[in-house]
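Accompanying notes for the structure given below.
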Amino acid sequence: MARLVMKFGGTSVADIERIKNVAQHVKRELEAGYEVAVVVSAMSGVTNQLVGWTRETSALHDAREYDAVVSSGEQVTSGLLAIALQDIGINARSWQGWQIPILTDSAHGAARILEIDGTKLVERLAQGQVAVIAGFQGLAPDGRIATLGRGGSDTSAVAIAAAIGAERCDIYTDVDGVYTTDPRIVPKARRLARIAFEEMLEMASLGAKILQVRSVELAMVHNVRTFVRSSFEDPASIPRNGEPPGTLICDEEEIVEKQTVTGIAYSRDEAQISLRRVADKPGVAAAVFGPLAEAHVNVDMIVQNISEDGSTTDMTFTVPTAEYERARKVLNDSREAIGYEVVQGSTDVAKVSVIGIGMRSHAGVAAEAFRALASKGINIRAITTSEIKISVLIDASYTELAVRTLHSVYGLDKV
Ligand code: ASP
Ligand code: MG
């Protein structure tokens, strides 16, 4: 029998009434003939509160105890949903990460899943029992609970789907799919019926906060068809045949109508740092980025010029806003070693990106973006590109205008 993973996020299990609604969604899929494993998040707001308590108790706390505390939110919802299912006559039980087990590495607080033994789950599913799994958690090599980083229950769901060979992983959330861009900025944004793994990975890393980035990577590696849909629909009104509203994240082979550009993403969480008159000699990039990496600063866009006379050049790069001060300090401390004249920076910048696998086979996509931005008087500070993406760094105050402009220039506005 085909297996299905259904994942419900915090807003979908926010209270008892909503948990009962989730039970109805599960019932519907059982009646459609699936074996069902459900992955749940904590009730909305709970994880934030738990994190807050650990900080309040001590600013510098043991990461293993942090995990003991924050993983509890999912334990509660897994039990409650199992009860709600039993209450409507469905055979169900809850599973904690360690009971399956979901094995992780030792990075408490931001652990990665190493392995899932799906044997016990598959057995129970075959006996007709619904598995309700606490997301966001696993078992570390030290024998203790580890959590997967904020938003990690998406990753739990995709990993479970891969481990049990599910036909699909349905992510129920508070939006009904993935849009061409943020509908709060562009009301004409369209819901995408399908998006390729690679495109979704770019969208997620670039700030479309629908799925944890790691979950998309996993889905891509294991080819887990992942369907983003809303839990707010009335379970009874969902058509039996035909696709419900949502977005399927899948292999590009499954996408028949390939658009050149699929979506526009943006991130205001960017800061720019420029080193002026850096000695242009072998080893300077290593001297700049080595110490930053050691200080766990995530560097994103990097622009370096070639000096005219081989003496000095400028180097610009971006870091997440939260890491800006740390980066400035690291650079000040290693000024001698690097050998630059001044460092300048700004946190008032944003990155806007144009994404689409169709770019691989179409010329002129970048030129079109630059022309459109120029026509609105938007200055570009830095540019980076990949095979399926063009990103520009601009003044933060132009973010919305840039997103709207690019969205319409590539014909993404709803007709
Ligand atoms: N409850 C966890 C969080 O809020 C995990 C998740 O919801 O995905 O980050
Ligand atoms: Mg989430």
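Note that ligands are numbered from 1 as they come in the structure, with each ligand's atoms numbered from 1 the same way. Every heavy atom of this structure was used, including side-chain atoms; hydrogens, water molecules and symmetry mates were not. What you are looking at is a predicted structure, and each value in this text was computed from that prediction instead of being measured.
- Legend: residues meeting side chain to side chain contact (heavy atoms under 4.5 Å, CB included) with S44, ordered by chain and number and at least two apart, are T11, A14.
- Shown here is R112, whose CZ atom has no more than 12 heavy atoms of other residues, nucleotides or ligands within 6.0 Å.
- Applying the side-chain hydrogen bond (donor to acceptor under 3.5 Å, both in side chains) test to residues at least two apart or on different chains, the pairs with a partner in residues 50-63 are D62-R64.
- Partners of A2 by side chain to side chain contact (heavy atoms under 4.5 Å, CB included), not counting sequence neighbours, listed by chain and number: Y34, E167.
- Using a 4.5 Å heavy-atom cutoff, the side chains of Y398 and K376 are not in contact.
- Side-chain atoms of R93 and Q129 form no donor-acceptor pair, as typed in the model, at a separation below 3.5 Å.
- Among protein residues, S41, A42, T47, E74, F136, R150, G151, G152, S153 come within 4.0 Å of ligand 1, judged on heavy atoms.
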